[in-house]
Amino acid sequence: MTPLIIDCDQCAHQHTSTCDDCVVTFICSSDASETVVVDATERLALRRLNQAGLVPDLRHAPRSG
């Protein structure tokens, strides 16, 4: 399978309204200090993408104490 390489500089939608609604923009432009809320449906989709080897595993772990 050919890998999917996502390079916004090569995207026809860069700097358009489509770009504003792209998951890459969402993930890459989120501020590390901001909370990202993933609902149950999105979480299931992320799990399935992970199981298919398309995205890394979720590394978030709540701090104790």
Side-chain angles (χ1 to χ4, degrees):
M1 177 180 282
T2 305
L4 173 63
I5 299 172
I6 301 171
D7 181 349
C8 292
D9 288 335
Q10 303 300 316
C11 180
H13 300 293
Q14 187 179 32
H15 305 300
T16 68
S17 61
T18 301
C19 181
D20 295 340
D21 196 32
C22 178
V23 69
V24 174
T25 301
F26 174 76
I27 292 172
C28 294
S29 65
S30 65
D31 184 345
S33 65
E34 293 180 11
T35 301
V36 175
V37 179
V38 178
D39 67 23
T41 302
E42 295 165 333
R43 189 172 183 173
L44 178 60
L46 289 172
R47 183 179 313 139
R48 288 184 177 165
L49 289 169
N50 174 258
Q51 290 170 342
L54 298 174
V55 297
D57 194 12
L58 178 62
R59 303 289 183 192
H60 177 265
R63 294 181 188 190
S64 60

Quiz item: To the nearest 0.5 Å, what is the distance between CG (Leu54) and CG (Leu46)?
Solution: 11.0 Å
Practice problem: Identify, with sequence neighbours excluded, every residue that meets side chain to side chain contact (heavy atoms under 4.5 Å, CB included) alongside Cys8. | Solution: Gln14, Val24
Quiz prompt | Partners passing side chain to side chain donor-acceptor pair (under 3.5 Å) against Glu42 (at least two apart in sequence or in another chain) | solution = none
Quiz item: Can you list the residues that meet the side chain to side chain donor-acceptor pair (under 3.5 Å) rule with Asp39, with sequence neighbours excluded?
Solution: none
Quiz item: side chain to side chain contact (heavy atoms under 4.5 Å, CB included) with Gln10: which residues, sequence neighbours excluded?
Solution: Asp7
